[in-house]
Amino acid sequence: MYDHQALEKKWRKRWQASGLYKTSEDRKKPKYYILDMFPYPSGVGLHVGHPKGYIATDVLARLRLMQGYNVLHPMGWDAFGLPTENYAIQNKIHPRVATEENIATYKKQLELLGFSYDWEREVNTTDPAYYKWTQWAFLKMFEKGLVYESNEPINWCPSCKTGLANEDLEDGRCERCGSEVELKPMRQWVIKITDYAERLLQDLDKLPDWEESIKEMQKNWIGRSEGAEIIFPVLGTEENIKVFTTRVDTIFGCTYVVLAPENDLIPRLCGKIKNWTAVEKYLESVKNKTDLQRTDLNKEKTGIVLEGIKALNPFNQEEVAVFAADYVLNSYGTGAVMAVPAHDERDWDFAKNHDCPIRSSVSSDASYGKASAGACYTEDGYLINSGEFSGLSSETAREKMTRWLERNKFGARKVNYKIKDWVFSRQRYWGEPIPLIHCAACGVVPVPEADLPVVLPEVKSYEPTGTGESPLAAMADWVNVKCPKCGGAGKRETNTMPQWGGSCWYYLRYIDPHNDKALVDKKKEAYWSPVDFYVGGAEHATRHLIYARFWHKFLFDIGAVSYGEPFIRLKHVGLIMGEDGRKMSKRWGNVINPDEMVKKFGADATRVYEMFMGPFEAATSWSTNGLIGTRKFLEKVEQLIAGDHANSAIDKKTLSLLHKTIKKVGEDIENFRFNTAISALMILVNELGKFRVDKTEGSLLLQILAPFAPHLSEELWESSGHSESIFQSSWPQYDAALISDEMVNLVIQINGKLRATLEVSADISETEAWELVQDNETIKKWLDGKTVVKKIFVAKRLLNIVVK
RNA sequence: GCCGCGGUGGCGGAACUGGCAGACGCGCUGGACUUAAAAUCCAGUUGUAGCGAUACAGUGCGGGUUCGAUUCCCGCCCGCGGCACCA
């Protein structure tokens with residue numbers, strides 16, 4: 001038993017006092033920047049799952065420190081946003097005060113776990129000195145034309161009373177509160193992230209050390225599809241219907257065209273639409289539907305034909321009907337599609353309901369050119385009924401037909417993305433003010449850089465208004481300002497930025513946290529950037545990680561940073577579930593508090609256990625018994641180093657094991673395979689326990705244990721006579737000569753089945769092995785009366801004898 | 001529907017590049033110590049048969065390739081995650 005409470009307290013104090021974790025700026029050394037996704041300090045504090053990623057990065061940070069790197073391993077707070085604001089409203093305290101309290105709680109909890117953060121670099125997104133630069137970057141985007149004001153309908157959460165970005169939805173519901181969102185036209189600021197869609201996609205290939213799964217999620221989210229835009233002239237008018245399709249090859253099967261109900265062509269054509277009253281009624285009925293209702297795949301496809309309107313298929317000059325139907329989305333492509341019921345499921349469903357003709361133009365069959373009757377055929381195939389293009393494969397046809405379109409000015413090649421521009425306005429209080437001023441004479445005028453930051457003012461009521469205005473709008477003396485351009489009467493923009501704004505670039509601020517002249521000093525940035533390793537939850541794959549990559553690329557384009565991607569290597573941390581296998585939540589009463597575990601079993605045991613639970617990326621269930629197991633392991637270590645041993649000195653085999661373990665632990669930490677590293681340490685400690693361990697061997701063990709269990713290792717390191725911190729010692733080198741085995745277990749198989757193992761010298765030859773085997777009683781039995789057909793020998797591994 | 005990941009003892013999970021399946025930990029069983037319990041230590045712990053050496057079966061299911069498959073290939077089933085009337 002050791003007194004973990006006293007011991008851990010002692011070392012936390014000493015490390016603090018000695019400045020052990022102060023980041024060195026000594027440029028002669030190689031740098032290593034290892035980063036966690038900074039937490040949102042909520043009112044409830046951390047549960048044991050939160051620190052898992054932080055422990056992992058801390059283990060690697062400590063390894064790098066011992067390997068002689070300059071390590072940047074910072075921590076900070078992503079503190080703007082709705083939860084704090086709601087908590088503040090509920091508890092009648094100011095969000096700033098709530099934030100301060102929550103940060104204090106979080107910090108205390110983190111410190112208990114003994115992380116090696118340099119707190120002098122702490123950042124806080126709600127600090128005006130920080131968000132000055134969030135606003136600065138926004139203004140740069142504004143300057144470059146990447147920001148625009150829009151009145152388009154956007155997602156509106158009726159419960160949070162704010163507009164939301166597409167990324168803030170989960171299955172048509174508000175990701176925060178779960179309310180069904182409404183589509184509401186609102187004035188809002190939008191960032192053209194779509195301008196960066198192609199680069200965000202392409203550059204994923206430059207990130208070989210990102211997990212494939214995260215890259216896939218981003219690819220899905222960006223949703224690139226290649227196709228063509230085609231013009232269908234509207235007969236008897238000057239208007240054209242532009243459609244987007246990835247399947248030009250099916251166009252001879254197009255039997256009608258569909259417009260999204262919101263397509264602005266419809267009102268323009270109203271004079272020609274004979275059934276306008278009915279059409280208007282349909283459009284009205286669609287308007288009242290939520291997005292969730294509209295995109296319900298199970299519902300019947302509704303729509304209405306626009307009587308009196310015909311569109312011309314440019315390929316065959318056919319006149320086709322035009323519908324308005326809500327299965328076509330206005331927000332994707334051109335808000336209009338050419339319908340090919342024979343080769344598209346959705347068009348097929350609609351055509352069946354609305355008696356539209358169905359005509360095949362692609363066959364699965366090259367030789368007979370038969371149309372598939374009675375079913376929708378969506379695969380590629382060979383063209384039929386397609387004039388000069390008949391007989392071509394879908395792929396060739398797409399190419400040729402696209403060229404035909406371009407030649408005849410009826411359309412062009414086009415790439416579309418699913419990702420939408422980033423709705424950047426929130427009608428809430430607790431966020432960065434958007435630094436723009438509206439002036440009657442000059443329009444929208446940016447706040448001059450010298451006037452940044454635009455500080456979030458103190459308001460009496462910060463409750464959301466629900467009117468589409470933020471609570472800031474009520475602050476007359478803050479809102480009314482002189483126009484920076486003409487000096488006339490101006491009004492400040494009262495929307496605030498979304499929570500994602502401040503987290504887009506915080507990793508750059510750690511590099512140079514107190515700079516008031518620039519977002520980050522260029523020389524410092526060039527040294528520390530990019531982040532070598534980034535660790536956090538997979539839930540950020542399509543939110544924070546897309547936004548941050550975009551923001552970084554923008555900063556790169558304006559020369560503020562030196563590299564095009566922010567994070568070189570990325571791993572996601574698996575959740576820790578409750579002991580009952582469910583997600584930890586108050587609702588289930590299965591939340592485990594880390595403070596309690598640290599108090600009972602120690603920070604070291606908690607750290608070791610969380611790393612031992614399973615593969616880092618995997619979700620695993622908490623087990624307090626498991627934690628007790630790792631505590632026992634640490635006690636064994638303590639006994640081993642501190643205890644009296646009458647045993648003999650360690651043998652060669654165990655010394656070899658020690659060196660193998662040094663190698664394995666180092667490699668496993670690099671690869672984030674902590675569970676096998678701990679397992680190897682346990683095996684080593686079990687073996688060493690059989691012997692008397694001298695100072696040299698004991699010190700080696702402590703050094704490789706130290707990243708996981710820093711307090712105990714440091715204590716035992718000191719008590720075994722070292723005067724410097726263990727983290728100032730160099731990570732041990734394993735002795736390559738010692739780790740190659742002299743003796744190995746050679747597996748003897750008969751017909752691939754294990755029949756014996758022989759302990760033999762590692763360099764045994766096939767002939768020697770065969771001779772040994774023939775003398776072996778068990779093997780003899782199996783060879784008896786059989787003919788040896790073949791022998792397979794794998795050096796140091798096995799001899800397989802094939803018999804008949 | 002599309003994309004990705006996974007399925008190994010009672011549980012969490014190991015297994016390099018196709019070469020001893022179940023390391024390590026938890027739990028459980030038996031024993032030692034103890035008046036007793038806890039703690040600790042020792043032994044055992046995939047299933048079936050056997051006192052036993054041992055034999056057979058065994059990594060979601062069905063096939064295949066191979067001297068040899070948890071690992072590779074084909075076809076399924078189940079679970080998780082992402083995207084989704086995206087034309």
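Lettering follows sequence order; numbering is per chain, from 1. All of these numbers come straight from a predicted model, not from anything done at the bench.
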When you measure from the side chain of A:K636, which nucleotide among B:A14, B:C41, B:C16 comes out closest? B:C41
Identify all pairs in which a protein N or O lies below 3.5 Å from an N or O of nucleotides 68-76 of chain B, and state each distance.
none

When all nucleic acid strands are considered with a 4.0 Å heavy-atom cut-off, which category describes A:G333: base, sugar-phosphate, or nothing? nothing
Could you check whether the side chain of A:K301 and the base of B:C85 have a donor-acceptor pair of N or O atoms closer than 3.5 Å, going by distance alone? yes
Should the pair A:K52 and A:F616 be classed as cation-pi, given the thresholds of under 6.0 Å to the six-membered ring centre and 45° from the axis? yes
Pick the C1' atom in B:A14 and in B:U71, then give their distance to the nearest Å. 14 Å
Hey, does the Lys NZ or Arg CZ of A:R631 hover above the aromatic six-ring of A:Y2, less than 6.0 Å from the centre and inside 45° of the axis? yes
Is B:G9 syn or is it anti, if syn means the base angle is within 90 degrees of 0? syn
If you check the A:R755 side chain, which of B:G27, B:G19, B:A55 turns out closest? B:A55
Where the side chain of A:F612 is concerned, which of B:C16, B:G12, B:A87 is the nearest nucleotide? B:G12
Closest to the A:T620 side chain, choosing from B:G12, B:C67, B:G19: B:G12
With respect to the side chain of A:T246, which nucleotide from B:C56, B:A87, B:C3 is positioned closest? B:A87
How far does the C1' atom of B:C11 sit from the matching atom of B:C72, given to the nearest Å? 31 Å
Closest to the A:K632 side chain, choosing from B:G25, B:C20, B:U40: B:U40
Check whether NZ of the Lys or CZ of the Arg A:K791 lies under 6.0 Å from the centre of the six-membered ring of A:W770 and within 45 degrees of that ring's axis. yes
Considering only the P atoms, how many Å lie between B:C20 and B:G13, rounded to the nearest integer? 23 Å
A:T778 or A:A336, whichever maps to the more 5' nucleotide of RNA chain B: A:T778
What's the closest nucleotide to the A:T757 side chain, out of B:C20, B:A14, B:G19? B:C20
Are A:S213 and B:G81 close enough that a side-chain N or O sits under 4.0 Å from OP1 or OP2? no
Nearest to the side chain of A:I792, which nucleotide is it out of B:G19, B:G81, B:G27? B:G19
For RNA chain B, which ranges pair as stems of 3 or more consecutive Watson-Crick or G-U pairs, with both donor-acceptor distances under 3.5 Å? B:1-7 with B:77-83, B:10-12 with B:24-26, B:27-32 with B:40-45, B:46-49 with B:54-57, B:60-64 with B:72-76
By nearest atom, which of the nucleotides B:C3, B:C20, B:A87 is closest to the A:N220 side chain? B:C3
Between B:C20, B:G4, B:A87, which nucleotide has the shortest distance from any of its atoms to the side chain of A:E216? B:G4
Which residues in residues 664-685 of chain A have at least one heavy atom lying under 4.0 Å from any atom of RNA chain B? A:N675, A:T676, A:S679, A:M682, A:I683
Could you tell me whether A:K301 sits above the aromatic face of A:F350, with NZ or CZ closer than 6.0 angstrom to the six-membered ring centre and within 45 degrees of the axis? no
Suppose you measure atom P in B:U59 against the same atom in B:U70; what distance do you get, rounded to whole Å? 7 Å
